[in-house]
Structure formats: structure tokens, C-alpha cells
J.: 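One structure is given below, represented as C-alpha cells, and several questions about it will come after.
Worth knowing before you read on, the calculation uses all heavy atoms, side chains too, and leaves out hydrogens, waters and symmetry mates. Quick note on labels: first sequence line is chain A, next is B, and so on, each numbered from 1. Just so we're clear, the structure is a prediction, and the values are computed from it rather than from any experiment.
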Protein chains: 2
Amino acid sequence: MINTSVLLASINRHITLEPADIVLFTTMLQPAQIKQGEFIETSGTVTPHFIHVLSGCLMTYYSDKNGHDHVIQFAMAGWWTGDLHSFTEQVPSIYSTRALADSEVLYLPKADMDRLLAEVPKFERFFRILFQNSLVTHQQRIIQNFSANAEERYENFRKKYPSLEQYVPLKYIASYLGFTPEFLSKIRRKQLDR
Amino acid sequence: MINTSVLLASINRHITLEPADIVLFTTMLQPAQIKQGEFIETSGTVTPHFIHVLSGCLMTYYSDKNGHDHVIQFAMAGWWTGDLHSFTEQVPSIYSTRALADSEVLYLPKADMDRLLAEVPKFERFFRILFQNSLVTHQQRIIQNFSANAEERYENFRKKYPSLEQYVPLKYIASYLGFTPEFLSKIRRKQLDR
DNA sequence: TTTCTTTCTTGAACTAGATTAAGAAAACTA
DNA sequence: TAGTTTTCTTAATCTAGTTCAAGAAAGAAA
């Protein structure tokens, strides 16, 4: 049996669920084990479910027309992830999502999410707050990319997400921050010399 | 008397409002006229209301520690804008918002928004969808900034927001796209020569 | 342990875009 | 209408970060 207590606690920080709501919600969730390196979503296919991470670490990235990959987000235990556009509009995704470590996840299928939102308005509130907070984070990331140089962005990243370093190869951190692994090496070398 | 018909129509594309909901909502809205160049919000102060644009054009920007401004968003008729973080958490804003043209706006004060969300769950749904869509747009903007060069970003911007060009000085478009006005001049010169 | 694969580092050559400073063109203002 | 301010352009110089290519280190596999 899966343990949803951490997930429920995080939801309860924003809304108050009745026992019936909890039953409805938890029966919708489908647990899955993902091995390191495995894909959970691939670009070109429709995202069938929203993803909640119980343990491990996932990475979502975009492959551009030159074949370069760009990491758009990581997801650790307690985070929701996936391609929101593909999920909500049920159109093919432009992103792929892979496990950076052995991971446990919960899937919330599209039809269930729709039903949950229609039947339990409190979940509208929960996801409104979730998306609202994520939107603020994305705005801050855009600002950072414009106003800070590569070294500052790397420092801020390490401060903001210290737990990610244990899972994420440096080349993906460089990609997430918008520069090359070679340049990250230079930054790290420079910091060692100080 | 202000005309809220366009706003209500845009809301009705996502939810179905009862007459009582409409009355409650519209009585909360405070109309204001903003002259070109005037500030609607200034960094350092708490954002007291969420902003809906009826006509004209607004710009929200961040001034970094070197005194450089970075445009984070524009807002045209039919768009919502403002510093979401400052608004929801009632903390001082790091952004300023100014009118790029004479504009009419509607203010939705924080206390009213809270009451609206608590009393009419349909508005939770509306704002959930609004933030969800905005989040997708922000993700796409981040991807673009990483995977496209300055010229491609300028071309995509012109395609995506053709109506903005009439209001927005080129230097702010350059800022929004993450490069200097001088470089935008070079891009435009190059395009003329072709 | 050895082998294979992936990740990280180093350095040299290069380039997209920044900076600075000036003048030209537009847009307000009176 | 001229005067003032803001926006846009041009060109020379500069630099943060890229590209390419190679080797070193670290992990995974067996």
C-alpha cells in the first residue's frame, strides 16, 4: 500500500479535506515505480496524467531543433510535475520527463482530475494556489536569467535547491540555468581557486 | 458607468456565472483612469489589488541592483496583471507597473478577491485556469530564451503579440526579450537589408 | 578486478550580444 | 513654431559564454 500521508499533509496546508474527499482523491491515484533513466513521458505523446513525486527525482526537458536539450524543471519528493499544457489540452507534449534516480510517483489521470475539480471545489482552490505559486517562481526565474550572470545563477540555485545536488548531474544543472556544462566547469574551477 | 461586458464574456468562456455572482463581482471592481507614463504600482510597496485592463497598455518591470530595468510583462485590454506575489502574500513588491498609453483599468482589492474566492467556488476555477494558462506561457518563454537567439525571439514576439507594437517602444520589447535596444536596432537593420 | 559508459574538466579559438558614445529621428510641450 | 525630451540608430570596441576536441575521473556492469 502506498503512503499518501505526506501528500495529504501538503494539501491540508492549503485546504481542509473531509474524509470522503480523501477517499475519493486517494482512490484516483495510481502508484508507479520508475527506475533511474526511465522515461515517464516522451515528447510527441499526450500526457495522460498529472504526476506527483513521492521519492527520488525527475527531470523535464525540451529538445530543440538543433538537437540540444534544455531542462525546464526538476521534481523532488512532494512536488507535482509533468507537461501542464499537454495534460490540460490533451495535445502532444513538446517535453520529455525522465527519472534521475529510482523514484516512486503517483499518477492522477486526466479524467479523474477533471472529476475531482468538478465535484470537490476545494481542489480547485488547491490547484489554483499550486499554479499561482508556480507562476511566481517562473517569473522569478525569468528575471534571474535576465539580471544575473551565470555564476550568480549557479550560486542562487545551490542556495535555493541544495537537496537537488545529490541527484542531478552538473550538466543538467547547467542546462536548467541556461549555459553549457563546460562553462559550469569554469565557474566551479574559479570558485575553488578562491 | 464602466463597461464590464468584455470582462464578463471572457470569464464566461471558462465558467457560468449566475446573476447574483455577477452583481457581487462587479460591485467589487473599482474603475480607474491611468495617464500614459503614470505608475499604477511601485516597487517597495504592497500591491493592494489585482488589475484588469479595459483599454490601453501597461508594463511591469524589475529594476536590478545595477539599475537596469527588465520588462517582465505587458498587459493589453482583456488581460489581468500586477505582481502576483506581492498581491497574494501582501509583501512589498519588487516590480513596478506603468501605463505605456492612456489606460482604463479595473481594480479588484485583495480583501474582495479573498471573499470572492471563498464565497463563489466558480471563481476559484476561473483563476485556477487563468494561472494555469499563464504558467504554460511562462514555461514557453523560458524555453524560448534558452533555445532561440535574439532575432528568432523578436520574430516570434511579433507574430505572437502583433497588437503590442503600436503601444510599446522598441527598447521595452528588447528588454522583454532579454537583449539591448542597440542590438534590436542591428536586427531590424539586418532585416531591412534582406 | 577490468571494461564500458557517462560525466566532468581543460584549453584554444570563436561569436552573439553588451557597452560606450555619438548623432538622427520622433514625439511631446509650450 | 521652436525647444526639449525621449527613442532609435550606428559604429567601434569589448566580453561572457559557446564550440570543439581531447583527456581525466567517476560510475555502472560483469
Side-chain angles (χ1 to χ4, degrees), chain A residues 34-39 56-57 59 61 64-71 74 98-102 144-158 164-194, chain B residues 34-39 56-57 59 61 64-71 74 98-102 144-158 164-194:
Chain A
I34 319 290
K35 284 239 175 308
Q36 177 172 1
E38 277 182 9
F39 284 83
C57 184
M59 169 183 89
Y61 63 94
D64 70 21
K65 59 184 192 299
N66 303 317
H68 294 109
D69 290 351
H70 305 274
V71 175
F74 299 110
R98 273 178 50 202
L100 290 174
D102 291 355
Q144 263 243 100
N145 285 334
F146 287 163
S147 61
N149 66 21
E151 184 170 4
E152 290 165 337
R153 290 189 329 253
Y154 177 54
E155 275 315 298
N156 291 339
F157 178 87
R158 296 186 67 184
L164 273 173
E165 288 194 295
Q166 65 182 112
Y167 293 121
V168 183
L170 290 170
K171 61 176 187 170
Y172 297 133
I173 293 178
S175 172
Y176 177 86
L177 295 173
F179 47 81
T180 59
E182 291 89 344
F183 196 68
L184 180 51
S185 254
K186 268 188 211 166
I187 291 171
R188 288 160 56 81
R189 170 65 184 281
K190 200 173 127 196
Q191 292 180 338
L192 278 181
D193 292 350
R194 279 206 293 254
Chain B
I34 318 291
K35 285 239 176 307
Q36 177 173 1
E38 276 182 9
F39 284 82
C57 185
M59 168 184 89
Y61 62 96
D64 71 20
K65 59 184 193 300
N66 304 318
H68 295 110
D69 290 350
H70 305 275
V71 175
F74 300 109
R98 273 177 50 200
L100 290 174
D102 292 355
Q144 264 243 100
N145 286 336
F146 287 163
S147 62
N149 67 20
E151 184 171 3
E152 291 165 337
R153 277 167 11 230
Y154 177 54
E155 275 315 297
N156 291 339
F157 178 85
R158 295 185 68 185
L164 272 173
E165 288 195 295
Q166 67 182 110
Y167 292 121
V168 182
L170 290 169
K171 61 177 187 168
Y172 297 133
I173 293 178
S175 172
Y176 177 86
L177 294 173
F179 48 81
T180 59
E182 292 87 348
F183 195 69
L184 180 51
S185 255
K186 264 188 210 166
I187 290 171
R188 288 160 55 82
R189 171 65 184 282
K190 201 172 125 198
Q191 293 180 337
L192 278 180
D193 291 351
R194 280 206 291 255

J.: Working to the nearest 0.5 angstrom, can you tell me the gap between A:His70 NE2 and B:Asn145 CG?
T.: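 One finds 11.0 Å between NE2 of A:His70 and CG of B:Asn145.
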J.: With distance as the sole criterion, is a donor-acceptor pair present between the side chains of B:Tyr154 and B:Arg188 under 3.5 Å?
T.: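 Indeed, the side chains of B:Tyr154 and B:Arg188 share at least one donor-acceptor pair under 3.5 Å.
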J.: Would you indicate whether the side-chain heavy atoms of B:Val168 and B:Tyr176 approach each other to under 4.5 Å?
T.: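 No. Closest side-chain heavy atoms not under 4.5 Å.
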J.: Measuring only between side-chain heavy atoms, which start at C-beta, is A:Phe157 closer than 4.5 Å to A:Leu164?
T.: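 A:Phe157 vs A:Leu164: side chains touch.
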J.: What residues in residues 165-172 of chain A put a non-hydrogen atom under 4.0 Å from any atom of DNA chain D?
T.: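 Result for residues 165-172 of chain A: none.
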J.: Measure the distance from CD on B:Gln36 to P on D:dT5 and round it to the nearest whole Å.
T.: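 These atoms are roughly 17 Å apart.
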J.: Any side-chain N or O of A:Arg188 below 4.0 angstrom from OP1/OP2 of C:dC8?
T.: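 So the side chain of A:Arg188 is outside the cut-off, no N or O lying under 4.0 Å from OP1 or OP2 of C:dC8.
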J.: Just how far, in rounded Å, is P of D:dT10 from CD1 of B:Ile187?
T.: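 Atom-to-atom, B:Ile187 to D:dT10, this comes out as 13 Å.
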J.: Please report, rounded to the nearest Å, how far the P atom of C:dT9 is from the CD1 atom of A:Ile173.
T.: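 Answer to the nearest Å: 11 Å.
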J.: Taking the side chain as C-beta and beyond, is there a heavy-atom pair between B:Arg98 and B:Tyr172 under 4.5 Å?
T.: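 With C-beta onward as the side chain, the pair touches.
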J.: What protein N or O atoms touch nucleotides 15-24 of chain D N or O atoms at under 3.5 angstrom, if any, and at what distances?
T.:
{"from": "D:dG17", "atom 1": "OP1", "to": "A:Ala150", "atom 2": "N", "distance (Å)": "3.2"}
{"from": "D:dT18", "atom 1": "OP1", "to": "A:Thr180", "atom 2": "N", "distance (Å)": "3.4"}
{"from": "D:dT18", "atom 1": "OP2", "to": "A:Thr180", "atom 2": "N", "distance (Å)": "3.1"}
{"from": "D:dT18", "atom 1": "OP2", "to": "A:Thr180", "atom 2": "OG1", "distance (Å)": "2.9"}
{"from": "D:dT18", "atom 1": "O4", "to": "A:Lys186", "atom 2": "NZ", "distance (Å)": "3.2"}

J.: Given atom NE2 of B:His70 and atom P of C:dG17, what is their separation to the nearest angstrom?
T.: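 Going from B:His70 (NE2) to C:dG17 (P), I get 16 Å.
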J.: Nearest whole Å is fine: how far is C:dT7 C1' from A:Met59 CE?
T.: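 My rounded result for the distance is 13 Å.
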J.: Would you say A:Asp102's side chain and A:Lys35's backbone share a donor-acceptor pair under 3.5 angstrom?
T.: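 Not confirmed, A:Asp102 side chain does not pair with A:Lys35 backbone.
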J.: Is a side-chain donor or acceptor of B:Asn66 paired with a backbone partner of B:His68 at a separation under 3.5 angstrom?
T.: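 No, B:Asn66 side chain to B:His68 backbone: no donor-acceptor pair under 3.5 Å.
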J.: Are the side chains of A:Tyr167 and A:Met59 in touch, meaning some heavy atoms are under 4.5 Å apart?
T.: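 Answer no - side chains too far apart.
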